[in-house]
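The structure under discussion appears below in the form of structure tokens.
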Protein chains: 2
Amino acid sequence: MPKLKVGKRRTSAAQEDYLKALFRISGRAATLVPNARLAEEMGVSPGSVSEMLGKLATLGLIVHDPYRGARLTPDGLKVAVEMIRHHRLIETYLVRALGYGWDEVHEEADRLEHAISERLEERMWQALGQPAFDPHGDPIPAPDGTLVEHPTLPLQSAPAGSEVTVSRISDRDPAKLRAVERLGLTPGRRVMVVEESVWESPIVVSLDGSQISVPLGLARAIRVEGDAEGGTKPPG
Amino acid sequence: MPKLKVGKRRTSAAQEDYLKALFRISGRAATLVPNARLAEEMGVSPGSVSEMLGKLATLGLIVHDPYRGARLTPDGLKVAVEMIRHHRLIETYLVRALGYGWDEVHEEADRLEHAISERLEERMWQALGQPAFDPHGDPIPAPDGTLVEHPTLPLQSAPAGSEVTVSRISDRDPAKLRAVERLGLTPGRRVMVVEESVWESPIVVSLDGSQISVPLGLARAIRVEGDAEGGTKPPG
DNA sequence: CTTTAAGTTTCGGCATGCCTAAATATTAGC
DNA sequence: GCTAATATTTAGGCATGCCGAAACTTAAAG
Ligand SMILES: [Mn+2]
Ligand SMILES: [Mn+2]
Ligand SMILES: [Mn+2]
Ligand SMILES: [Mn+2]
């Protein structure tokens with residue numbers, strides 16, 4: 001009896017990174033992403049993107065509309081969300097179990113997310129008590145791929161006078177994370193927007209009674225939730 | 001001032017695997033390893049080995065004596081030992097911190113050893129209290145590359161009547177590890193050799209008063225220490 | 001419309017790592 | 001020592017992923 005190779009095709013780390021990038025750009029909506037946007041997000045040339053899109057389309061992980069763009073299929077979405085779960089779980093584990101700073105975890109998670117087994121994923125998840133959010137306030141997808149995204153807006157778009165809760169900080173730039181931490185604007189903190197940004201001026205918020213000036217470049221990395229109740233909340 | 005790229009060449013996972021294999025075969029002695037032996041150990045063709053040896057020699061990680069064989073340079077030895085430290089630390093961490101069985105860790109460690117940072121290595125080491133041995137009784141190299149190997153012999157070579165301590169079990173075959181565990185011959189256990197192997201017969205040892213029959217194939221995977229005192233000992 | 005600019009794909013190259021088969025060197029047998 | 005078996009190296013290919021430049025499509029401007 002010949003041993004049939006049943007399509008146990010493993011996606012490569014590179015392929016997984018493209019799928020993740022598509023998800024970052026268009027999310028569950030899975031709208032058409034133009035080649036150039038993806039090239040920028042991945043830091044590769046447009047030519048490289050075209051080639052990879054061909055492969056991913058063959059694998060049924062994306063749909064490619066030539067000269068128009070690409071979007072994730074349900075299968076591709078599953079892979080992307082799986083990698084995001086790995087990434088955020090690893091970040092959470094490094095901070096909570098191994099004493100990493102939240103500004104030290106992103107790179108490490110970006111490498112490890114492609115290398116861990118389902119068993120390790122499960123063990124970390126259980127060891128942490130099935131966490132729902134990572135250190136940056138980003139929701140951790142459930143094992144089945146469910147991913148609840150609270151509606152948020154960038155801090156610089158919050159209207160003056162509104163009271164908001166810090167929800168998520170972009171995990172890509174360690175220096176920004178350290179700056180955010182120094183200001184005390186960590187996920188879960190409630191702040192009042194005192195002054196909106198005019199002509200690129202810093203945003204002023206009040207936190208625990210004291211006024212804090214937030215440079216626009218930093219405010220763009222901070223997403224907040226306009227207060228409403230419901231569902232599971234980010235760490236408070 | 002132009003930013004000079006100072007030779008921060010990163011070794012690839014494949015290169016690291018070749019260096020590890022060289023170390024497994026000839027250890028610190030760094031004697032010449034013939035191409036075919038390395039090909040067997042790596043599970044690749046002789047042609048592939050020749051090519052890789054060329055690259056590693058260029059990088060100064062091995063010395064290649066054409067048609068004779070290859071051996072690690074001090075630099076290559078450092079990389080190999082570094083990977084072995086990663087491997088054994090990861091295995092130890094998975095068992096002690098995440099509840100893995102000792103038969104479940106090898107594959108995972110083989111993937112992760114190439115992906116973890118020096119920071120993660122350090123954090124795991126501290127979290128475990130600077131362990132000296134992995135779950136299979138293999139010594140974990142110190143951060144500076146120091147590696148103390150106790151002299152051991154395969155169980156099937158131990159003379160009848162001798163009292164020995166189980167020291168190390170090969171971590172490559174999960175099924176053998178489970179069999180060894182069922183027999184209770186885990187690292188640190190003291191046993192008396194009752195019957196040596198004759199004509200491939202099982203070895204009989206006594207453990208806690210009861211007699212245990214160890215198939216030759218299993219005995220070959222078990223290394224023991226003829227009792228003498230000194231130094232740090234494997235887990236008891 | 002038609003011309004042009006912008007974005008996308010294709011092409012030829014390069015690097016890594018693997019394979020098989022052919023060429024070559026070493027070693028062992030006589 | 002010379003030939004034959006054995007081991008090693010080299011050559012030609014294939015797969016993955018990347019690049020820059022040429023070819024092509026689409027969209028914008030006139
Ligand atoms: Mn997973
Ligand atoms: Mn994060
Ligand atoms: Mn290290
Ligand atoms: Mn081990």
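Chain A is the first sequence line, chain B the second, and so forth, proteins listed ahead of strands; every chain is numbered from 1. From a predicted model like this one, the values you see are computed outputs, not experimental measurements.
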Per [X] side chain, nearest of listed nucleotides [options]:
{"X": "Y67(A)", "options": "dT8(D), dT16(C), dT9(C)", "answer": "dT9(C)"}
{"X": "S45(A)", "options": "dT26(D), dG17(C), dC19(D)", "answer": "dC19(D)"}
{"X": "Y18(A)", "options": "dC18(D), dT26(C), dG17(D)", "answer": "dC18(D)"}
{"X": "S50(A)", "options": "dT9(D), dT9(C), dC18(D)", "answer": "dT9(C)"}
{"X": "S12(B)", "options": "dC19(C), dG17(C), dT10(C)", "answer": "dG17(C)"}
{"X": "E51(A)", "options": "dC11(C), dT9(D), dT16(D)", "answer": "dC11(C)"}

Examine distances only and state if a side-chain atom of [X] and a backbone atom of [Y] form a donor-acceptor pair shorter than 3.5 Å.
{"X": "T92(B)", "Y": "R88(B)", "answer": "yes"}
{"X": "R68(A)", "Y": "L32(A)", "answer": "no"}
{"X": "Y100(A)", "Y": "L120(B)", "answer": "yes"}

[N] phosphate, OP1 or OP2: any side-chain N/O from [X] under 4.0 angstrom?
{"X": "H64(B)", "N": "dT8(D)", "answer": "no"}
{"X": "K55(A)", "N": "dG17(D)", "answer": "yes"}
{"X": "R68(A)", "N": "dT9(C)", "answer": "no"}

Worksheet entry | Pairing of R172(B) and E41(B) as salt bridge, 4.0 angstrom limit |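 So R172(B) pairs with E41(B) through a salt bridge.
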Fill in: R85(B) with D144(B): basic N within carboxylate O range, under 4.0 Å
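No salt bridge links R85(B) with D144(B).
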Worksheet item: For DNA chain D, what residues of residues 34-42 of chain A have any heavy atom nearer than 4.0 Å?
Response: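 None - not one residue of the stretch has a heavy atom sitting under 4.0 Å from the strand.
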Nearest whole Å is fine: how far is [N] [atom2] from [X] [atom1]?
{"X": "M52(B)", "N": "dT8(D)", "atom1": "CE", "atom2": "C1'", "value": "17 Å"}
{"X": "L56(A)", "N": "dC18(D)", "atom1": "CG", "atom2": "C1'", "value": "15 Å"}
{"X": "L32(B)", "N": "dT8(D)", "atom1": "CG", "atom2": "P", "value": "11 Å"}
{"X": "D65(B)", "N": "dT27(C)", "atom1": "CG", "atom2": "C1'", "value": "15 Å"}

Discussion item. Let me spell it out: for each of P66(A) and G47(A), pick the nucleotide of DNA chain D with the closest heavy atom. Which residue's pick is nearer the 5' end?
Written reply: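 Of the two residues, G47(A) wins.
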Worksheet item: Does the side chain of H106(B) come under 3.5 Å of the side chain of H136(B) through a donor N or O and an acceptor N or O?
Response: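 No, because no side-chain N or O of H106(B) sits under 3.5 Å from a partner of the opposite role on H136(B).
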Practice prompt. State whether a side-chain donor-acceptor pair under 3.5 Å links E108(A) with S117(B).
Written response: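 Yes, S117(B) and E108(A) have a side-chain donor paired with an acceptor closer than 3.5 Å.
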